[in-house]
2 protein chains.
Amino acid sequence: MVNKTNSTEFTILSAAKNIFSIKGKDGATMQEIADQAGINKALLHYYFRTKDLLFEQVFFEEVKKFSPILKNAIAQEVDLYQKIHNICEAYILMALDNPFVPVFVVGEINKQPDLFIHKLFDGDFPDFPLLAAQIKKEVDAGKIKPIQPHQLIMNMMSMCIFPFLMKPMFVVGMGIDKEVFQNLMLQRIKEVPKFIIDSIKI
Amino acid sequence: MVNKTNSTEFTILSAAKNIFSIKGKDGATMQEIADQAGINKALLHYYFRTKDLLFEQVFFEEVKKFSPILKNAIAQEVDLYQKIHNICEAYILMALDNPFVPVFVVGEINKQPDLFIHKLFDGDFPDFPLLAAQIKKEVDAGKIKPIQPHQLIMNMMSMCIFPFLMKPMFVVGMGIDKEVFQNLMLQRIKEVPKFIIDSIKI
DNA sequence: AGTTTTGTTAACCAATTGGTTAAACTATAT
DNA sequence: ATATAGTTTAACCAATTGGTTAACAAAACT
């Protein structure tokens with residue numbers, strides 16, 4: 001029988017994604033994942049051989065969908081304001097779709113920086129230098145206020161992703177519930193570019 | 001003999017801080033920490049009884065120094081621009097001093113949100129609602145551009161802390177070395193408030 | 001000096017955990 | 001029906017790991 005996205009495999013991936021995102025790679029146990037998937041632990045190994053492979057599959061399955069979108073948003077030949085909007089949209093939509101990915105990335109990137117980054121982009125990084133050059137050009141031409149490109153890029157990425165990393169803090173600290181949070185994030189697709197452009201436009 | 005910050009204890013804490021920040025609470029092992037401290041594993045338990053207690057001590061030792069500084073920066077009665085500057089400075093100086101704290105916080109806050117946040121602030125949260133009210137007042141008075149207070153607060157925190165979470169990414173992705181990174185962060189103490197104020201001022 | 005307290009270690013223990021094996025069950029193909 | 005390939009399980013194994021014990025060394029105190 002030709003398997004239609006093999007149900008067991010899918011159940012496992014779903015459970016693993018869930019557990020990994022809460023407990024992290026080290027904190028999660030194979031037994032836990034098996035339990036949540038409603039199967040025997042040995043079956044995990046039957047499908048994914050090892051914990052490392054399972055983690056990689058869960059993780060990169062999501063991330064690799066995003067990587068080309070970001071690369072594309074950065075490489076496109078559009079004016080700076082439009083590009084800022086495109087990049088913010090790419091980041092925020094990704095995070096809304098996969099809220100655990102940013103948490104994963106922060107955890108892993110600080111454990112094995114070089115290896116992880118290489119895996120993340122498959123050796124084919126988004127062209128940040130190009131973006132930096134574009135910013136510098138606008139600054140030099142007096143089209144936007146003077147700002148170091150690196151600082152601007154950091155600001156942009158920060159505002160897009162950080163709220164997802166600290167969601168629980170915002171939810172508790174600001175007393176906002178999950179739907180409100182979701183809404184705030186949706187608004188940010190427009191708000192963040194606006195905030196940036198308001199800051200740099202002359 | 002009266003111990004002058006007991007040398008062994010200090011060595012352990014230092015080693016633990018180091019290992020925990022790289023591997024996370026779950027990823028780190030007591031043996032590893034003992035090795036790096038140059039002592040026997042049993043001595044770890046002699047001083048700190050359990051891994052959980054060691055982790056708590058390492059972590060909250062740093063964080064609890066910061067918590068009142070942030071609370072104070074938010075509660076002070078100064079005008080909004082000055083307050084933004086104070087808060088950014090508090091965040092960035094803290095992170096420069098303890099680059100691993102943000103990584104810790106993100107990891108733990110997503111595992112046990114309520115418990116962790118409560119521990120973090122000892123039940124005495126920074127008065128974010130006050131800050132939000134102050135922002136709203138300025139907006140209503142037409143002193144700054146319209147913006148949702150929550151969005152502005154998120155933007156501010158994001159730009160202060162996120163770069164420390166993704167340091168390896170910036171270092172590799174932008175090809176900047178560690179001293180340059182350090183310098184960029186120092187600049188951000190002034191750059192981030194400037195960026196924010198440029199964006200919201202009328 | 002001798003006794004107690006504190007610091008340190010090697011060896012050990014029990015539990016957890018990632019991973020394996022061999023047997024059983026299911027379904028499809030012949 | 002029966003062989004075959006794929007799926008699932010219970011039981012097991014070896015390694016790691018957090019934590020303990022008992023003995024020993026070094027101060028500190030009397």
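Nothing here was measured: the structure is a model prediction, and the numbers come from that model. In what follows, every chain begins at residue 1, and chains take the letters A, B, ... in the order their sequences are listed.
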Between NE2 of A:H45 and C1' of D:dT7 the distance, given in whole Å, is 16 Å

For the side chain of B:M30, starting at C-beta, report the closest nucleotide among D:dG18, C:dG19, D:dT8. D:dG18

Approximate separation, where rounding is to 0.5 Å, of A:K23 NZ and A:E32 CD: 3.5 Å

May I ask you to evaluate whether A:T8 reaches the phosphate of D:dT7, defined as a side-chain N or O under 4.0 Å from OP1 or OP2? no

Taking only the side-chain heavy atoms of A:R49 (C-beta and beyond), determine which of C:dT20, C:dG18, C:dT9 contains the nearest atom. C:dT20

Nearest heavy atom decides the nucleotide; on that basis, is A:A42 or A:Y46 closer to the 5' end of DNA chain D? A:Y46

Which value, rounded to the nearest 0.5 Å, describes the distance between B:I144 atom CD1 and B:Y81 atom OH? 6.5 Å

Using atom CZ of B:F48 as one end and atom C1' of D:dG19 as the other, report the distance to the nearest whole Å. 16 Å

Geometric class of the B:F55/B:F20 ring pair [parallel <30°, tilted 30-60°, perpendicular >60°]: perpendicular

Enumerate all atom pairs, one protein N or O and one N or O from nucleotides 12-16 of chain D, separated by less than 3.5 Å.
none

Rounded to whole Å, the CD1-P distance (A:I12 to D:dT9) equals 10 Å

Given D:dT9, D:dT8, C:dG19, which nucleotide is nearest the side-chain atoms of A:Y47? D:dT8

Would you please classify the geometry between the A:F66 ring and the A:Y91 ring as parallel, tilted or perpendicular, with 30° and 60° separating the classes? tilted

Can you check whether B:K17's main-chain N or O pairs, donor with acceptor, with B:S21's side chain at less than 3.5 Å? yes

Looking across every strand, which nucleic acid part, if any, lies under 4.0 Å from B:A34 by heavy atom: base, sugar-phosphate, or nothing? nothing

Consider the side chain of B:T50, meaning its heavy atoms from C-beta on, and name the nucleotide among C:dT8, D:dG19, D:dT8 that approaches it most closely. D:dG19

Would you say a side-chain N or O of B:N40 is under 4.0 Å from OP1 or OP2 of C:dA10? yes

Please table the atom pairs, donor to acceptor, closer than 3.5 Å between any side-chain atom in residues 172-184 of chain A and protein atoms at least two apart or in another chain.
| residue | atom | partner | partner atom | Å |
| --- | --- | --- | --- | --- |
| A:D177 | OD1 | A:E179 | N | 3.2 |
| A:D177 | OD1 | A:V180 | N | 3.0 |

Without decimals, in angstroms, what is the distance between B:L53 CG and D:dT20 P? 11 Å

To the nearest Å, give me how far apart CG (B:L44) and C1' (D:dT20) are. 14 Å

How close or far is atom P of C:dA11 from atom CD of B:Q31, stated in whole angstroms? 13 Å

Applying side-chain hydrogen bond (donor to acceptor under 3.5 Å, both in side chains) to B:N155 and B:Q151, what does each step give before you reach the verdict? CA-CA 6 Å; B:N155 290 347; B:Q151 299 284 14; 5.9 Å; no

Tell me: CG of A:L43 to P of C:dG19, nearest whole Å? 15 Å

What is the distance from CG of A:D35 to P of D:dT9, rounded to the nearest Å? 11 Å

